[in-house]
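Here is the naming used below: chain letters follow the sequence lines, and residue numbers restart at 1 for every chain. Everything quoted here is computed from the prediction, not taken from an experiment.
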2 protein chains.
Amino acid sequence: MTSRTTDSASGGTPAADRSAEPAAGAPRHGGAEPAPGAVLDPALAARLKRGADGLFPAIAQQYDTGEVLMLGWMDDEALHRTLTTGRCTYWSRSRQEYWVKGDTSGHVQHVKSVALDCDGDTVLVRVDQVGAACHTGDRTCFDADVLPLGR
Amino acid sequence: MTSRTTDSASGGTPAADRSAEPAAGAPRHGGAEPAPGAVLDPALAARLKRGADGLFPAIAQQYDTGEVLMLGWMDDEALHRTLTTGRCTYWSRSRQEYWVKGDTSGHVQHVKSVALDCDGDTVLVRVDQVGAACHTGDRTCFDADVLPLGR
């Protein structure tokens, strides 16, 4: 597997040799397509607060251990797919397309529960993570870079 | 305590009767001021990726139980204060000022560790949360609104 066929956590503009998201030619949405024409429940959509780009952050947490695995971004459709397909689905800011976690890497996130926060601007998705959440091979995207305190 | 003297989790534009952040007249930064002129380590600043507004998301997690408490927003200075004062400090998007969690509510977050994610655009702050993280009185900002799956 080349670095362009891995997937990972957050948006941004990663360097080519550690691409955070699937390559353009990679299969997407396999087995996790929503019903045609399906849209997010309007009552829920009315409660969401989105950034200027229409996105809101989604925290993925391993449902049983409590590990914070990664943070991704969703729009209404990504949230709808996450709620209805059982597979955690993000919006890739760098590639400007939907990204079903694990479609290229096999490191699927099976959705256990989804909660909206008190202000309606962040979701917490509890998942069962297959393998590594991070494109580096680490279990979580926060394993490698602990910052020094006190300076 | 009135609703305008509570504090809470995320930015956005909360309704007046459930303000998510401290009121303008509330004491701020008490006991958690950085050294005058202190700035974030330039080597760390060079690794951060920020949104168009200069901010990046910060996930607060209870260090021992693993609970995801809330998501706030930081800029370089907020991260610097969080790393150096021992108190989790955010940037309030609604009030456009620094916000030391717990200064008005007493619901302080004592910083245990801070990690940057693989893409440099999100931080995970492990804290010891005093009392409720959420301005509603809930322990976390994700307790009250679990979304139905499958639709």
Identify whether Val68(B) and Trp73(B) are in the same connected component of the hydrophobic contact network (ILVMFWY, side-chain heavy atoms under 4.5 Å).
yes

Under a 4.0 Å threshold between the charged nitrogen and the carboxylate oxygen, would Arg93(A) count as salt-bridged to Asp119(B)?
no

Would you kindly confirm whether Leu149(B) and Met74(A) end up in one hydrophobic cluster when ILVMFWY residues are joined by side chain heavy atoms under 4.5 Å apart?
yes

I'd like to verify something: which residue of Val146(A), Asp53(A), Leu124(A), Thr140(A) has the highest number of heavy-atom pairs under 4.5 Å with chain B?
Leu124(A)

With a 4.5 Å cut-off on side-chain heavy atoms, are Phe56(B) and Pro57(A) touching?
no

Segment of Ile59(B) engaging chain A (4.5 angstrom heavy-atom cut-off):
side chain

Applying side chain to side chain donor-acceptor pair (under 3.5 Å) to Asp128(A) and not counting sequence neighbours gives Gln62(A)

Any sub-3.5 Å donor-acceptor pair from Gln61(B)'s side-chain atoms to Glu67(A)'s backbone N or O?
no

Before giving the answer on side-chain contact (heavy atoms from CB on, under 4.5 Å), spell out for Phe142(B) and Thr122(A) the whole-Å C-alpha distance, their side-chain angles and the decisive distance to 0.1 Å.
CA-CA 9 Å; Phe142(B) 300 98; Thr122(A) 301; 3.8 Å; yes

Gap separating the CG atom of Asp145(A) from the SG atom of Cys118(B), nearest 0.5 angstrom
9.5 Å

For Leu71(B), the option from Asp121(A), Val123(A), Leu71(A), Asp117(A) that meets side-chain contact (heavy atoms from CB on, under 4.5 Å)
Leu71(A)

Check each of Val125(A), Thr82(A), Leu44(A) against Leu147(B) using the side-chain contact (heavy atoms from CB on, under 4.5 Å) test, and report the only one that passes.
Leu44(A)

When clusters are formed by joining ILVMFWY residues with side-chain heavy atoms under 4.5 Å apart, either directly or through shared neighbours, do Val108(A) and Trp91(A) land in the same one?
no

ILVMFWY cluster, Leu48(A) and Val111(A) together (side-chain gap under 4.5 Å)
yes

Side chain, backbone, both or neither: which part of Arg47(A) has an atom under 4.5 Å from a heavy atom of chain B?
side chain

Gln109(B): partners by side chain to side chain donor-acceptor pair (under 3.5 Å), with sequence neighbours left out:
Tyr90(B), Gln129(B)

